[in-house]
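All residue numbers in this chain count up from 1 along the given sequence. When reading the values below, keep in mind they use all heavy atoms of this one structure, side chains included, and skip hydrogens, waters and symmetry mates.
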Amino acid sequence: MSAVLRKPKTFKLRSLHSEKKFGVAGRSCEEVLRKGCQHLQLPVPGSRLCLYEDGTELTGDYFRSAPDNSELVLLTAGQTWQGFVSDISRFLSVFQEPHAGVIQAARQLLSDEKAPLRQKLLADLLGTVSENITAETRAEDPPWFEGLESRFRSKSGYLRYSCESRIRSYLREVTSGASLVGAEAREEYLRLVGSMQQKLQAAQYNSSYFDRGAKAGRRLCTPEGWFSCQGPFDVDDCTSRHSINPYSNRESRVLFSTWNLDHVIEKKRAVVPALAAAVHDAEGREVDWEYFYRLLFTLENLKLVHIACHKKTTHKLHCDPSRVYCAPAAPRRKRPARQRP
């Protein structure tokens, strides 16, 4: 049992998934729970109170320190509440097909909200569900194309161009690595880079990575255009759960340009120098340029990361020495001569 206070505390109380709140006062947690259940016509056994803010259960020990006018959620047996993010998750579940009812409910929550953090979350959510994400052409969503050249007629076309531009810039940096080798090896270095360029041209510079219309496995986003941060180079996932849909509105399109295709094994510090060293030290061996191609231009070594997850520190990772050169072809065995009967 919680201690009974001399002066009753006041709270704003509501049931799960209801926007309607009412005031209730009590000198103990049990009294507030009892009054809440009576008002909402819910059974007291199995019911409990949680803070709307973060889902903390209002127990007897916490009741004394809880601020006046705290917002509470009354839960019955089997119900759970993780805080105000639970409201957000309800809207996230209908992102693919936002409708007027969802938008109206989000606006209602925002109009009642005073905390700056929750205001921002709800405002961002409302802006997203209100956008014409499914629109693809300039005619369907003119504001999205503001500031872009008239040659871009579709969102996917522009995003493909954006990805291709990044890959082309990587190729230019690799080409400039020819200065790392001596004159006698430079021709061979540029020949290998030329092979990479031909493969990139055949793959349209891997521009499908940003194209929501590309086949699964060839794109980094959902069919609706949602990209998720893959986290810094030295972890498996993004703990901040960064995500963005550059197909949704002009602002998101611009912000997406700050996301990085980060090389896990660094391009300038590791891959290009290793390629140059492999050419210089070949001594008749064949450099496996396709291994370097995968490290430089494919998702084998590229991670899409939010700018906050792009660590500028030295990665201290290196190419695999056993994969730098092609395995020598095994000598063909001579078939034994057939004996005549």
Side-chain angles (χ1 to χ4, degrees), residues 95-96 128 131-141 144-145 147-175 192-233 236-238 242-267 271-272 288-307 309-310:
F95 258 15
Q96 293 185 11
T128 301
E131 292 296 341
N132 191 6
I133 292 177
T134 58
E136 176 65 22
T137 67
R138 185 181 286 266
E140 292 172 330
D141 193 357
W144 191 93
F145 292 85
L148 297 182
E149 297 177 25
S150 59
R151 63 190 175 99
F152 297 114
R153 308 305 303 172
S154 70
K155 295 179 180 181
S156 295
Y158 175 76
L159 268 298
R160 289 183 71 94
Y161 165 80
S162 174
C163 186
E164 179 178 335
S165 297
R166 300 190 192 203
I167 299 298
R168 282 181 179 273
S169 71
Y170 300 161
L171 180 63
R172 288 193 294 271
E173 292 180 65
V174 178
T175 303
L192 296 178
V193 175
S195 297
M196 295 184 195
Q197 183 174 10
Q198 289 180 2
K199 185 162 185 170
L200 280 174
Q201 289 173 338
Q204 298 181 315
Y205 289 88
N206 295 330
S207 56
S208 62
Y209 291 161
F210 290 178
D211 182 2
R212 64 180 176 181
K215 292 182 180 179
R218 293 292 301 163
R219 52 179 161 79
L220 283 166
C221 60
T222 68
E224 296 76 34
W226 285 98
F227 291 83
S228 296
C229 175
Q230 296 174 319
F233 74 93
D236 294 331
D237 201 1
C238 171
H242 296 123
S243 64
I244 192 171
N245 190 330
Y247 290 84
S248 62
N249 54 51
R250 179 176 177 272
E251 182 181 76
S252 294
R253 167 174 66 77
V254 173
L255 284 175
F256 186 61
S257 65
T258 66
W259 285 49
N260 292 276
L261 272 175
D262 189 28
H263 289 82
V264 177
I265 302 175
E266 292 173 284
K267 175 177 75 272
V271 183
V272 172
D288 188 354
W289 64 266
E290 294 201 59
Y291 168 63
F292 289 99
Y293 172 91
R294 292 192 295 273
L295 293 183
L296 290 163
F297 306 115
T298 76
L299 302 181
E300 181 174 319
N301 190 47
L302 289 172
K303 295 182 75 174
L304 181 68
V305 295
H306 184 278
I307 188 171
C309 287
H310 187 207

Below 4.0 angstrom, N of the basic side chain to O of the carboxylate: do Glu164 and Arg168 qualify? yes

For Thr222 and Glu224, which I'm curious about, is there any donor-acceptor pair between the side chains at under 3.5 Å? yes

Parallel, tilted or perpendicular, as decided by the 30° and 60° cut-offs, for the rings of Trp259 and His306: perpendicular

Can you tell me how far apart NZ (Lys199) and OG (Ser195) are? Round to the nearest 0.5 Å. 10.5 Å

Indicate yes or no for a side-chain donor-acceptor contact from Gln230 to the backbone of Leu304 under 3.5 Å, with no hydrogens or angles considered. yes

Closest non-hydrogen atom pair between Phe210 and Tyr247, with its separation: O-OH, 2.7 Å

Side-chain heavy atoms of Gln197 within contact of Thr175, under 4.5 Å: no

side-chain contact (heavy atoms from CB on, under 4.5 Å) evaluation trace for Ser169 with Arg172: CA-CA 5 Å; Ser169 71; Arg172 288 193 294 271; 3.5 Å; yes

Please check if atom CG in Leu255 has more than 12 non-hydrogen atoms from other residues, nucleotides or ligands closer than 6.0 Å. yes

Taking Ser156's backbone N and O only, do any of them form a donor-acceptor pair with Arg212's side chain (distance below 3.5 Å, no angle check)? no

Distance, nearest 0.5 Å, that separates OG1 of Thr258 from NE2 of His310: 11.5 Å

Take Val174 and Phe292 through the test side-chain contact (heavy atoms from CB on, under 4.5 Å) and record every step on the way to the result. CA-CA 10 Å; Val174 178; Phe292 289 99; over 6 Å; no

Side-chain donor or acceptor of Glu140 paired with backbone N/O of Glu136 under 3.5 Å: yes

Does Tyr161 have Arg151 sitting over its ring (NZ/CZ under 6.0 Å from centre, angle to axis within 45°)? yes

Taking all atoms of both residues into account, what is the closest heavy-atom pair of Ile133 and Lys155, and its distance? O-NZ, 4.1 Å

Spacing of Ser162 atom OG and Asp211 atom CG [to the nearest 0.5 Å]: 12.0 Å

Check Val305, Asn206, Leu220, Asn301 against Leu261 for a side-chain contact (heavy atoms from CB on, under 4.5 Å) and give me the one that passes. Leu220

Is there side-chain contact between Ser154 and Arg138, with heavy atoms separated by less than 4.5 Å? no

Exactly one candidate in Tyr158, Phe227, Trp144 meets ring-ring contact (aromatic ring centres under 6.0 Å, His included) with Phe256; the answer is Phe227

Spacing of CD belonging to Glu290 relative to CE belonging to Met196, to within rounding of 0.5 Å: 9.5 Å

Taking all atoms of both residues into account, what is the closest heavy-atom pair of Leu296 and Lys267, and its distance? CD2-CG, 3.8 Å

If you compare all heavy atoms of Val271 against all heavy atoms of Ile265, which two are closest, and at what distance to 0.1 Å? CG2-O, 3.5 Å

Side-chain donor or acceptor of Arg219 paired with backbone N/O of Ala214 under 3.5 Å: yes

Is a side-chain donor or acceptor of Asn260 paired with a backbone partner of Asp262 at a separation under 3.5 angstrom? no

Distance-minimising heavy-atom pair for Ser252 and Ser248: OG-OG, 3.3 Å

I need the Leu200 CG to Ser207 OG distance, nearest 0.5 Å. 10.5 Å

If you measure from SG on Cys229 to NE2 on His242, what distance do you get to the nearest 0.5 Å? 6.5 Å

Of all heavy-atom pairs between Tyr205 and Leu171, which one has the smallest distance, and what is that distance? CE2-CD2, 4.2 Å

